[in-house]
Number of protein chains: 2
Amino acid sequence: MSERRGRKAPHTIDLALFTALRNQLAVLLWRTPEERERWALPWEHPTFDETLESAAGRIATEALGTTPGWLEQLAAFGGEKRHQSENDISVGFIGLIPAGTPPPVGGAYAWFPLGELPMLPPRQRAILDEAIAALRVRMDQSPVAFKLLPPAFTLSELQHMYELLLGKRLHKASFRRALQAAWLVEPTDEWRSEGRGRPAQLFRYAPRKRRPTQRGIRLDLLIS
Amino acid sequence: MSERRGRKAPHTIDLALFTALRNQLAVLLWRTPEERERWALPWEHPTFDETLESAAGRIATEALGTTPGWLEQLAAFGGEKRHQSENDISVGFIGLIPAGTPPPVGGAYAWFPLGELPMLPPRQRAILDEAIAALRVRMDQSPVAFKLLPPAFTLSELQHMYELLLGKRLHKASFRRALQAAWLVEPTDEWRSEGRGRPAQLFRYAPRKRRPTQRGIRLDLLIS
DNA sequence: CGAATTAGTCACTGAATAGGACTAATGTCA
DNA sequence: TGACATTAGTCCTATTCAGTGACTAATTCG
């Protein structure tokens, strides 16, 4: 094995990096200097001496300058839909970038709102579609909304992020009651005055252990 | 690409096939005729002309004689934990086999209850651990319990399967109310008399479309 | 100052849940 | 054959939880 150290593996790592931009979800795309109109997800062949996760983290950091607040494997993709590289399979990752992170400069990378996507290679299109679906599903299980926000945020910002992800309006009092019951945030001692209106207190994501929340069976969540 | 047709790919497909056995979850393991004490998950190098899913289905069918009622990709595994094969990465799949399916004969394959697992190669151990965790998580999203039962089952059997997966007792009336509300089963016109006691009606899994179940935000499901 | 605006809370109502207690239909055994 | 154990299936009630409108609080704007 060790003689392979540093050599390129035959598979690729493909990243679906999301952020919130102008009240929409957006994904980071990349184009080569040669082919100005062929956009693609950031991807690379990892070397044999890094784990899938560390390779994904490295590629994300190379693209953005910052490390994603969250990075998780989506799945492996293979089969008839070929990659632009001559590889056998691609491992897709989902990453979340806090809103307001300055966009990468130079023109090689750009954020695309999900409603305005250009053509993508077929396998990357499949990866992105599954990534979007997984985001919606994992929202309940993982702190997706929190990782799309900066470390300190107002409760209104958090609610708007949930509304963006869920695609529907939420009632303020209900949202805050649920948030309180879940022990997910803690207040900081800072307030932010956003133009007119009462200033909002800033909170941070600070999940606290709670006794295994004695919930009933939720058969109604089954997709059918 | 086409000149690769039929050739082996460098990655492997590894299967975590589960069934319910003697009131426990069990996983299918396999050993080579040469090495009688080295058990492993069923695995194989796929060929280039099949998709990941079809390769997984083929390997499962070769192992069991029957096709799993459910087969879904778990994730790709790579990095320092090496496979027994000289491969780069392994793609893990989860499969569910109805309880009571006759076990494969010949001694090459055997069901192991999760409490009595032998040593496994390190990467396969990781795959199995993640598969078990994913089973518990996806239970709410996918009809895991139903696919571990034969096509026709009693409501008590279904409840016992949920109790096995959740690791806790459920209240009969609550369970049935939730089941009714979810429109997941329909009665057959058969009844089964199981020794003493009133005979039970048999049901089948028959999910019916329902309008997008207007649920509240469930922040309390977030793992913390 | 008053109106507008945004933050944050309260209280009422209807729906969903946990759980005990009930009825129903069968086998067992004296 | 009749009491009883056993398993299936239903009903009812107290309690908890989510949806919602209306309230108070703190600030900017004019």
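Within 4.0 Å (heavy atoms only), A:A173 reaches at least one base atom of the nucleic acid. Here A:Q201 lies in heavy-atom contact (under 4.0 Å) with sugar-phosphate atoms only. Nucleic acid contact for A:S156: sugar-phosphate only, since backbone atoms but no base atoms lie under 4.0 Å from a heavy atom of the residue.
When the nucleotides D:dA25, C:dT26, D:dT27 are ranked by their closest atom to the side chain of A:P199, D:dT27 comes out on top. With D:dT27, C:dA7, D:dG9 as the choices, the nucleotide that has an atom nearest any side-chain atom of A:S193 turns out to be D:dT27. The side chain of B:R198 lies closest to D:dA8, out of C:dG8, D:dA8, D:dG19. Counting only heavy atoms from C-beta on, B:W191 has its side chain closest to D:dG9 among C:dA18, C:dG8, D:dG9.
In this pair, A:Y109 and A:W30 present their aromatic rings tilted. The plane angle is within the 30 to 60° band.
For the pair A:F153 CZ and C:dA7 C1', the interatomic distance rounds to 16 Å; values are reported in whole Å. Between B:L170 atom CG and D:dA8 atom C1' the separation is 17 Å, expressed in whole Å. The distance from atom CZ of A:R176 to atom C1' of D:dA18 is 17 Å, rounded to the nearest whole Å. Distance CD (B:Q159) to P (D:dT7): 13 Å, rounded to an integer number of Å. In this structure, CG of B:L219 is placed 10 Å from P of D:dA18, rounded to the nearest angstrom. Separating the CD atom of A:E190 from the C1' atom of C:dA7 is a distance of 17 Å, rounded to the nearest angstrom. As rounded to whole Å, 13 Å separates atom P of D:dA18 from atom CD of A:Q180. Atoms CZ (A:F175) and C1' (C:dC10) sit 19 Å apart, rounded to a whole Å.
The base of C:dG19 sits with one of its N or O atoms less than 3.5 Å from a complementary donor or acceptor on the side chain of B:H171. No hydrogens or angles were tested; on distance alone, a donor-acceptor pair under 3.5 Å links the side chain of B:K172 to the base of D:dG9. Residue side chain B:R192 does not reach the base of D:dA8 through any donor-acceptor N/O pair under 3.5 Å, judged by distance alone. Residue A:R196 places no side-chain atom within donor-acceptor reach of the base of D:dG30, judged by atom type and a 3.5 Å distance cut-off alone.
In this structure, the side chain of A:T154 does not engage the main chain of A:A200 through any donor-acceptor pair within 3.5 Å.
Nearer to the 5' terminus of DNA chain C, by closest-nucleotide assignment, is the contact made by A:F203 (compared with the other of A:F203 and A:R177). Mapped onto DNA chain D by nearest heavy atom, B:E157 and A:G197 fall at different nucleotides, with B:E157 at the one closer to the 5' end.
For A:R192 and A:E157, the salt-bridge test passes: some basic side-chain N is under 4.0 Å from an acidic carboxylate O. By the 4.0 Å N-to-carboxylate-O rule, B:E163 lies too far from B:K168 to be salt-bridged with it. Contact check on B:R208 versus B:E186 returns no salt bridge, with no Lys/Arg side-chain nitrogen under 4.0 Å from an Asp/Glu carboxylate oxygen.
If you take CD1 on A:I132 and CG on A:L117, they are separated by 6.5 Å, rounding to the nearest 0.5 Å.
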